[in-house]
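When a ligand or atom number is given, it counts from 1 through the structure's own listing order. Every heavy atom of this structure was used, including side-chain atoms; hydrogens, water molecules and symmetry mates were not.
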Amino acid sequence: MQGIVRTNPASEELGHGVVLSTQSSALNCDARRLFPLGQNPALLQELQVIQRIVAHLGPTNSGKTHAALQHLRQAASGIYCGPLRLLAWQVHAQLCSSLPCNLVTGQERREELGARHTACTVEMASHRAVVDVAVVDEVQMLADHSRGWAWTRALLGVPARTLHVCGDPAVLPLLEKIAGETALAGEELEVRHYQRLSPLVPARRPLACLSQVRSGDCVVAFTRRDVHAVRQEVESHGRHRCCVVYGALPPNARQLQAALFNASRTGFNVLAASDAVGMGLNLSIRRIIFTSIRKWDGTADRQLTAAEIKQIAGRAGRYGSRFPSGTVTAMNAADLRVVADALQQPSEALTTAHLLPSLSQLELLHSQHPQDNLPALLRRFAAAAAGSLAQTHYCYAQYEDQYTLATMLRHLPLSLQEAWTFSISPTDPADAPLASALLRFATAYARQLRVPVAATLLPPLAQARSEVDLLQLETCHRILDLYLWLAHRFPDAFEGAEDVALKSGALAALIDTSIREMGVQRRCRASSEAAAAAADDASLEAEAEWEQQQVEEWMRRKRRYHKHRR
Ligand SMILES: Nc1ncnc2c1ncn2[C@@H]1O[C@H](COP(=O)(O)OP(=O)(O)OP(=O)(O)O)[C@@H](O)[C@H]1O
Ligand SMILES: [Mg+2]
C-alpha cells in the first residue's frame with residue numbers, strides 16, 4: 001500500500017494525494033488516486049492481487065465486443081462500459097435476454113431486482129462495486145482529448161477481477177505501458193488479436209454524382225447541414241428515400257432511423273450520416289461513400305486519420321447483416337486513393353491517455369486554497385498537472401468547456417460540489433440555447449432548491465416542416481436531456497424527471513416522424529429526373545464483377561493469414 005499513498009516531493013505545493021507524479025511507476029499509483037477507488041484502500045489491496053487485463057484488439061467488425069460479452073455473460077457479476085448510450089442500450093437488451101441487468105447512463109437508471117450485471121456508459125462506470133468481469137469497449141478512446149479521461153479512469157479504476165478491453169490495435173503500446181506500471185498492483189496483460197469477419201474492399205471508381213447512389217448505400221458528410229444537404233439531393237433524384245444519422249440527433253431518434261434503414265421494403269434504403277455512424281449502431285450498409293475526407297474537428301479543418309477512415313468505412317458489410325461484404329468509395333479519385341490506402345494501413349500508435357481530477361481531488365485542493373472558486377481551482381490543478389505529466393504517457397484532458405461553464409455559473413451561491421456537477425453536465429457552451437437552459441436551471445436551483453419542468457421553457461412542439469423547425473426540436477430535446485441528467489444528480493430539486501422522460505421520448509419520436517415526412521414532401525416534389533437517372537445497368541454489372549474479384553482476393557488473403565498463424 002505504501003506506493004499507492006506516495007506523493008511526489010517535486011509537487012509538494014499541491015499536498016498529499018493531489019499530485020500527478022513525474023515518476024512513471026508512481027504515476028500509476030497517483031493516477032489511481034485520481035479516482036474514487038483511491039479512497040478505498042481495502043479495495044485497492046484486493047485488486048493488487050487479482051486483477052488481470054485481457055485486450056481484444058482488431059479492426060472494426062472483427063468480433064471483439066462479441067467475445068468480451070461472452071465472458072461478461074458467464075461471469076457471476078459484471079459491468080459493460082460503452083462509449084455511447086446506444087451501445088449501453090444494445091448490450092443491456094442483449095444481456096437482459098439471459099440474466100437480470102441494470103442500465104445506467106447519464107440520463108437514466110433502470111435497476112433490475114437481483115441484478116449483478118450492469119450496462120452503462122463509460123462515464124457512469126462505478127468505481128466502488130467489485131465485479132468479476134468488466135468490459136471497457138472502444139478503449140482507444142482513452143486518447144481522445146475531451147472524453148478520454150473516462151476511459152483512463154475506467155481502465156485504472158473499475159474494480160474488476162478480470163478487465164476485458166476492446167479496441168483498435170493502435171492502443172496496444174499504450175496499454176502495455178499502463179499495464180507495465182500497474183504490474184506493481186499484480187495486473188497481467190493478455191492480448192488477443194482479431195481479424196475482420198467479413199470482407200471490406202475499396203471500389204474501383206469514385207461515385208462522381210449522388211444520382212448514382214444505390215440501395216444499401218451510406219453517404220458520409222461531416223456536419224449536420226451537409227448530412228441534410230445529402231439527404232435532400234438523394235431524394236431530389238426521386239429514386240430513394242433517405243434516413244439520417246448525426247451526433248445532434250437524439251440517440252433514440254438515431255435508433256429509429258437506423259431501424260427504418262435496416263428494414264427492407266420501407267423505401268428508406270439510403271442513409272446520409274455524419275461520422276456518428278462509426279460507433280454504436282447495427283446497420284445493414286452495403287457501401288460507404290465519403291463525400292469528403294476532411295472535417296472540422298473543433299479547432300482545425302483537417303484530413304481524416306487512417307483510423308477514422310477505417311472506423312467509418314468498417315460499417316459496410318457488417319457480419320450477420322443483409323450485406324455479407326462491404327465496399328467503400330468517395331466522390332473523386334484522389335479521395336478514393338486516400339480511403340483505399342487507409343484500409344491497408346495500420347492505425348498510428350496511440351501515445352497518451354487523458355486524465356482529469358475527480359471532485360474529491362478538487363475538494364482537497366480547495367481545502368488548501370479556500371479563496372479559490374471552481375474556475376480558479378480548475379486552472380490551478382491544470383497548471384500543476386501540466387508540469388507533473390510532462391514526459392509521461394498521460395496528459396491532462398481538454399477541460400475548456402467545463403471551465404467556461406464554471407465561469408458562467410461562478411456568481412451563483414453554489415457549493416463546490418454543486419458548481420462542479422453543473423459544470424460537467426452535457427452542455428456545449430457554444431450551444432447558446434442549451435447553455436442558457438443550464439444557467440436557468442442552476443439559478444433556480446441556487447435560489448429556490450427547486451427546478452420545475454416549466455424552467456425548460458419549451459415552446460409548443462409540433463411536427464417539423466423544415467430543417468429550421470427540426471433544428472428547434474433537436475435543441476428542445478437537448479434541453480430535456482440536460483434536465484434529466486441533472487435530475488439524477490439533484491433528485492429532490494429537479495422534481496419533474498418522470499414527466500420530462502416521457503416528453504423526451506415523445507419528442508425523439510416526433511423528430512423521427514418529421515424526418516420521414518419531410519422526405520415525403522421532397523419526394524412529391526421530385527422531378528421527372530427520376531427516369532433520366534435510372535442506373536446504367538452495364539456499368540453496374542461491371543462494377544459488381546470487379547467488387548466480387550476484390551472480395552475473393554480479400555478472402556484468399558484472410559485464409560493465407562490464418563494458415564500462416566497456424
Ligand atoms: N462468434 C460470433 N458468432 C455470431 N455472431 C458474431 C460472432 N462474432 C461477432 N458476431 C457478430 O458480428 C458483428 C460484429 O461483431 P462485434 O460487434 O463484436 O465486432 P467488433 O470487432 O466489436 O466491431 P466494432 O469495432 O464495430 O465495435 C456483431 O453483430 C456480432 O454480434
Ligand atoms: Mg465493438
Fill in: Proximity to ligand 1 by part of L69, non-hydrogen separation under 4.0 Å
neither
Item to complete: Decide whether the shortest distance between a heavy atom of G320 and an atom of ligand 1 is less than 4.0 Å.
Response: no
Worksheet entry | Closest protein heavy atom to atom 14 (C) of ligand 1, given as residue, atom name and distance to 0.1 Å | N61 OD1, 3.3 Å
Discussion item. Tell me whether E138 reaches ligand 1 (any heavy atom closer than 4.0 angstrom to a ligand atom).
Written reply: yes
Discussion item. Applying a heavy-atom cut-off of 4.0 Å, say which part of C166 lies close to ligand 1: side chain, backbone, both or neither.
Written reply: neither
Discussion item. Students should be able to answer this: which protein heavy-atom is nearest to atom 22 (O) of ligand 1, and at what distance?
Written reply: T65 OG1, 2.8 Å
Worksheet item: Can you find a non-hydrogen atom of R315 under 4.0 Å from ligand 1?
Response: yes
Worksheet item: Is Q311 close to ligand 1, meaning an N/O of one under 3.5 Å from an N/O of the other?
Response: no
Worksheet entry | Protein heavy-atom partner closest to atom 17 (O) of ligand 1 - residue, atom, separation in Å | R318 NH2, 2.8 Å
Discussion item. Please confirm whether the ring centroid of Y194 lies under 6.0 Å from the ring centroid of H56.
Written reply: yes
Worksheet item: Does a salt bridge link R302 with E308, judged by any charged N lying under 4.0 Å from a carboxylate O?
Response: yes
Worksheet item: So is A67 close enough to ligand 1, meaning a heavy atom under 4.0 angstrom away?
Response: no
Practice prompt. Could you tell me whether the Mg ion (ligand 2) has an N, O or S atom of T60 under 2.8 Å away?
Written response: no
Worksheet item: What do you reckon, are the aromatic ring centroids of H117 and Y80 less than 6.0 Å apart?
Response: no
